[in-house]
Amino acid sequence: MELTPRRAGTVALLALLPAVIFGVTQNPLAGVVTAINVLLISATIYLLMSPTEGGHGHDGDADAETDAEHAA
């Protein structure tokens with residue numbers, strides 16, 4: 001089973017359920033802050049796992065000397 005960005009974001013959003021329950025039963029302000037944090041973290045996980053356009057700019061047939069020059 002491959003972990004796609006969509007699946008990782010969905011799993012991260014499952015943390016909203018305890019945050020909402022906490023906000024309803026204990027402290028509404030803390031629940032809202034927690035829910036916002038969960039949304040931010042979920043969005044970050046989605047963006048970090050999403051493919052990027054253009055990659056890192058490396059050619060597949062570049063030689064080791066060229067890579068060494070860029071690393072220095």
Side-chain angles (χ1 to χ4, degrees):
M1 176 154 113
E2 184 180 345
L3 186 62
T4 62
R6 179 176 287 172
R7 185 171 291 150
T10 303
V11 170
L13 284 176
L14 288 175
L16 267 177
L17 185 62
V20 169
I21 292 171
F22 175 76
V24 169
T25 60
Q26 299 293 324
N27 185 351
L29 180 59
V32 169
V33 171
T34 304
I36 290 171
N37 286 333
V38 168
L39 290 173
L40 288 173
I41 292 168
S42 299
T44 302
I45 289 172
Y46 179 81
L47 291 174
L48 285 174
M49 293 187 68
S50 296
T52 57
E53 196 173 307
H56 294 288
H58 293 285
D59 290 336
D61 55 355
D63 59 344
E65 293 176 19
T66 306
D67 289 338
E69 289 175 7
H70 289 292

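Since the model is a prediction, treat every value here as computed from it, not as a measurement.
- Scanning both residues, Glu2 and Arg7, for their nearest heavy atoms gives O-NH1, 2.8 Å.
- For the atom pair CD1 of Ile36 and CD1 of Ile41, the computed distance is 12.0 Å after rounding to the nearest 0.5 Å.
- The closest side-chain heavy-atom distance from Leu14 to Thr10 is not below 4.5 Å.
- Side-chain atoms of Phe22 and Pro18, non-hydrogen and from C-beta on, never get closer than 4.5 Å to each other.
- Hydrophobic cluster membership differs between Leu39 and Val11, with clusters built from Ile, Leu, Val, Met, Phe, Trp and Tyr side chains linked at under 4.5 angstrom.
- The shortest heavy-atom contact between Met49 and Pro5 is O-CG, 3.2 Å.
- No path of Ile, Leu, Val, Met, Phe, Trp and Tyr side chains, each step under 4.5 Å between heavy atoms, connects Leu17 with Ile45, placing them in separate hydrophobic clusters.
- With sequence neighbours excluded, the residues that form a side-chain contact (heavy atoms from CB on, under 4.5 Å) with Ala15 are Val38.
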